[in-house]
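Take a look at this one; I'll ask things after.
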Amino acid sequence: MQMIPFDDRDGFIWFNGSLIKWNEAKLHVLNHGLHYGSCVFEGIRIYNEKIFKLDEHIARLFKSAEILDLKIPYSLDEIIIQTKNIVEKNQVREGYIRPVVWRGSEMMAISAQKGSTNIAIACWEWPSYFSPEKLMEGIKLSLSKWARPSPLSAPTDSKAAGLYMICSLSKHEAEKKGFDDALMLDYRGFIAEATGANIFFVKKGELFTPVADCFLDGITRQTVIQIAKDNNYVVNEGHYKPEFMINCQESFLTGTAVEITPVQSVDKYIFEEREITKKLITEFRKKVLSQ
């Protein structure tokens, strides 16, 4: 299948208050967001023309921007309205939304407090990652050599672009070795997350997931925890070393892009069962379609 480049597509992007043609949304190469990582973003799903958890995602966008000292020149309510408008304008039924905020090109230095804050919102058709048959096979992960940093070393409670550099490096390394993704540990050696998704394990009928104290507490993660509790599953949040995966029966990832994706293995650790994962996938699908 031929890849369509993201800089040359049909449609429109909302860009600093104006609706412009997709391929006219350009930035200068001397851009502070590009050079110094002063950029935050969100990923939001569209199901049957309805935007899932829009308010929560835009609220997190504003929180991330505040953490990085980026002052969005629009109200939260205005960005919610414009997100809905661009989805309608592009006529996306099943897809993905990417709001992004970055510091502009006025100053090219570490300190750029007088630089502008820019915002754009794009959306495009994007169905589920896998077919139902492929999904249930599960994906294969490998432990990464890169660790999620301490909150004293990086703004780990933001969805900041710079935090994803080690995620790209981890995923590239895993793919080169024949895996689908990587599992990252944190700076203490505890299980953290995959490169773009949170992780859960099932052991003796109970769910276990790492405490999100140095990585993003995903909105899909929060949704799945609530669904699990509503279905009378015990959900444990804690700090787990890799050897915790011994004797876990199931594992799955959660995230806007991956939704709920079963994990077949993490290196030598194998997860053969899918019973609870299937139940949660069914209940999650019901929730997104009934919003």
Q | Set of side-chain hydrogen bond (donor to acceptor under 3.5 Å, both in side chains) partners for Arg60, sequence neighbours left out | A |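 By the side-chain hydrogen bond (donor to acceptor under 3.5 Å, both in side chains) rule, Arg60 matches Glu42.
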Q: Taking only Lys NZ, Arg NE, NH1 and NH2, and the carboxylate oxygens of Asp or Glu, determine whether Glu283 and Lys287 approach each other closer than 4.0 Å.
A: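 Looking at Glu283 and Lys287, the cut-off is not met.
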(Q) Test of understanding: with ring pair (Phe, Tyr, Trp, His ring centres under 6.0 Å), list the residues that count as partners of Tyr187, not counting sequence neighbours. (A)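 Tyr187: no ring pair (Phe, Tyr, Trp, His ring centres under 6.0 Å) contacts found.
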Q: Determine whether more than 12 heavy atoms belonging to other residues, nucleotides or ligands lie under 6.0 Å from atom CH2 of Trp22.
A: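 Counting neighbours around CH2 of Trp22, more than 12 heavy atoms of other residues, nucleotides or ligands fall under 6.0 Å, so yes.
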Q: Take Lys159 and Leu61 through the test side-chain contact (heavy atoms from CB on, under 4.5 Å) and record every step on the way to the result.
A: CA-CA 7 Å; Lys159 197 170 177 68; Leu61 179 73; over 6 Å; no
(Q) So, using ring pair (Phe, Tyr, Trp, His ring centres under 6.0 Å) as the criterion, who are the partners of Phe62 when residues are at least two apart? (A)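 For Phe62 there are no ring pair (Phe, Tyr, Trp, His ring centres under 6.0 Å) partners, ignoring immediate neighbours.
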Q | Residues which pass side-chain hydrogen bond (donor to acceptor under 3.5 Å, both in side chains) with Glu49, listed by chain and number, not counting sequence neighbours | A |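 For Glu49, the residues satisfying side-chain hydrogen bond (donor to acceptor under 3.5 Å, both in side chains) (neighbours in sequence not counted) are Arg93.
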Q | Listed partners of Arg103 passing salt bridge (Lys or Arg N to Asp or Glu O under 4.0 Å), at least two apart | A |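 None.
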Q. So with a 6.0 Å cut-off around CD of Glu94, is the heavy-atom count from everything else above 12?
A.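 Buried by this count: over 12 neighbours within 6.0 Å.
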Q) Tell me, which pairs form a ring pair (Phe, Tyr, Trp, His ring centres under 6.0 Å) where one or both residues lie in residues 74-95, sequence neighbours left out? A)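 Qualifying pairs: Trp14-Tyr74.
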Q: Return the set of residues passing ring pair (Phe, Tyr, Trp, His ring centres under 6.0 Å) with Phe284 (not counting sequence neighbours), or none when no residue passes.
A: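 For Phe284, the residues satisfying ring pair (Phe, Tyr, Trp, His ring centres under 6.0 Å) (neighbours in sequence not counted) are Phe52.
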(Q) Can you tell me how far apart CG (Asn85) and CD1 (Ile80) are? Round to the nearest 0.5 Å. (A)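 Taking CG in Asn85 and CD1 in Ile80, the distance rounds to 12.0 Å.
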**Q.** Nearest-0.5 Å distance, CD of residue Glu125 to CZ of residue Arg9
**A.**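 Between Glu125 CD and Arg9 CZ, I get 10.5 Å after rounding to 0.5 Å.
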Q. For Tyr233, what residues pass the ring pair (Phe, Tyr, Trp, His ring centres under 6.0 Å) criterion, not counting sequence neighbours?
A.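 Residues passing ring pair (Phe, Tyr, Trp, His ring centres under 6.0 Å) with Tyr233: none at all.
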Q | Flag if over 12 foreign heavy atoms under 6.0 Å of CD, Glu106 | A |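 Yes, because the 6.0 Å sphere around CD of Glu106 holds more than 12 heavy atoms from other groups.
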**Q.** Glu243 CD: over 12 foreign heavy atoms closer than 6.0 Å
**A.**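 Counting neighbours around CD of Glu243, more than 12 heavy atoms of other residues, nucleotides or ligands fall under 6.0 Å, so yes.
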Q: Might you confirm whether atom CD of Glu78 has over 12 heavy atoms from other residues, nucleotides or ligands at distances under 6.0 Å?
A: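 Buried by this count: over 12 neighbours within 6.0 Å.
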(Q) Atom NZ of residue position Lys177 - does it have more than 12 heavy atoms of other residues, nucleotides or ligands inside 6.0 Å? (A)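 Enclosed.
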**Q.** Close side-chain approach of Ile139 and Gln264, heavy atoms under 4.5 Å
**A.**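 Sidechains of Gln264 and Ile139: no contact.
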Q. What is the distance from atom CD1 of Ile121 to atom CD1 of Ile44, rounded to the nearest 0.5 Å?
A.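 Answer for the CD1-CD1 pair, Ile121 versus Ile44, is 8.0 Å.
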N/O donor to acceptor pairs below 3.5 angstrom from side-chain atoms of residues 195-203, sequence neighbours left out:
from   : atom 1 : to     : atom 2 : distance (Å)
Thr195 : OG1    : Asp181 : OD1    : 2.7
Thr195 : OG1    : Asp181 : OD2    : 3.3
Asn198 : OD1    : Gly218 : N      : 3.2
Asn198 : ND2    : Leu216 : O      : 3.2
Lys203 : NZ     : Phe244 : O      : 3.0
Lys203 : NZ     : Ile246 : O      : 3.2

Q. Between atom CG of Asn247 and atom CE of Met245, what is the distance when rounded to the nearest 0.5 Å?
A.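 Here the interatomic distance stands at 12.0 Å.
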Q) Is the ring centre of Tyr164 less than 6.0 Å from the ring centre of Trp146? A)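 They do not qualify: ring centres at least 6.0 Å apart.
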Q.
For Ser75 and Asp77, which I'm curious about, is there any donor-acceptor pair between the side chains at under 3.5 Å?
A.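 No, no side-chain donor-acceptor pair sits under 3.5 Å.
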Q) Are His239 and Asp213 close enough that a side-chain donor and a side-chain acceptor fall under 3.5 Å? A)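 Short answer, yes.
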Q) Side-chain donor-acceptor pair under 3.5 Å between Glu259 and Tyr47, yes or no? A)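 There is such a pair between these side chains.
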Q. Does the side-chain contact (heavy atoms from CB on, under 4.5 Å) test come out yes or no for Val224 and Leu280, once each step is laid out?
A. CA-CA 7 Å; Val224 169; Leu280 293 174; 4.3 Å; yes
Q: Apply side-chain hydrogen bond (donor to acceptor under 3.5 Å, both in side chains) to Gln226 and list each qualifying residue two or more places apart in sequence or on a separate chain.
A: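 Once residues adjacent in sequence are excluded, the partners of Gln226 under the side-chain hydrogen bond (donor to acceptor under 3.5 Å, both in side chains) criterion are Asp230.
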Q.
Taking side-chain hydrogen bond (donor to acceptor under 3.5 Å, both in side chains) as the definition, give me every residue that meets it alongside Trp124, ordered by chain and number, with sequence neighbours left out.
A.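 So Trp124 forms no side-chain hydrogen bond (donor to acceptor under 3.5 Å, both in side chains) with any residue.
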Q. Can you tell me if NZ on Lys241 sees more than 12 non-hydrogen neighbours from other groups inside 6.0 Å?
A.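 Counting neighbours around NZ of Lys241, more than 12 heavy atoms of other residues, nucleotides or ligands fall under 6.0 Å, so yes.
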Q) Taking C-beta and beyond as the side chain, do Leu143 and Leu185 meet within less than 4.5 Å on heavy atoms? A)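 Yes; the side chains approach each other to less than 4.5 Å.
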Q: Could you tell me whether Lys71 and Asp69 have a side-chain N and a carboxylate O separated by less than 4.0 Å?
A: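 Looking at Asp69 together with Lys71, the answer is yes, because their closest N to O distance falls below 4.0 Å.
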Q. When rounded to the nearest 0.5 angstrom, what distance separates SG in Cys248 from CD1 in Ile270?
A.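 It comes to 12.5 Å.
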Q.
Check whether Phe12 forms a cation-pi arrangement with Lys21 (NZ or CZ under 6.0 Å from the six-membered ring centre, at most 45° off the ring normal).
A.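 That pair does not qualify as a cation-pi contact.
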Q: Report the distance from atom CD1 of Ile79 to atom CG of Asp55, rounding to the nearest 0.5 Å.
A: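 Answer rounded to 0.5 Å: 13.0 Å.
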Between side-chain atoms of residues 167-174 and protein atoms elsewhere (two or more places apart, or another chain), which donor-acceptor pairs fall under 3.5 Å?
from   : atom 1 : to     : atom 2 : distance (Å)
Ser170 : OG     : Ser144 : OG     : 2.6
Ser170 : OG     : Ile166 : O      : 2.7
Lys171 : NZ     : Asp180 : O      : 2.8

Q) Name the one of Trp126, Phe41, Phe6 that satisfies ring-ring contact (aromatic ring centres under 6.0 Å, His included) with Tyr96? A)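 Exactly one option meets the ring-ring contact (aromatic ring centres under 6.0 Å, His included) with Tyr96, and it is Trp126.
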Q.
Is it true that His28 and Ser105 share a donor-acceptor pair across their side chains at a distance under 3.5 Å?
A.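 No donor-acceptor contact under 3.5 Å links the two side chains.
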Q) Is atom CE of Met165 surrounded by more than 12 heavy atoms (other residues, nucleotides or ligands) closer than 6.0 Å? A)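 At most 12 heavy atoms, drawn from other residues, nucleotides or ligands, come within 6.0 Å of this atom.
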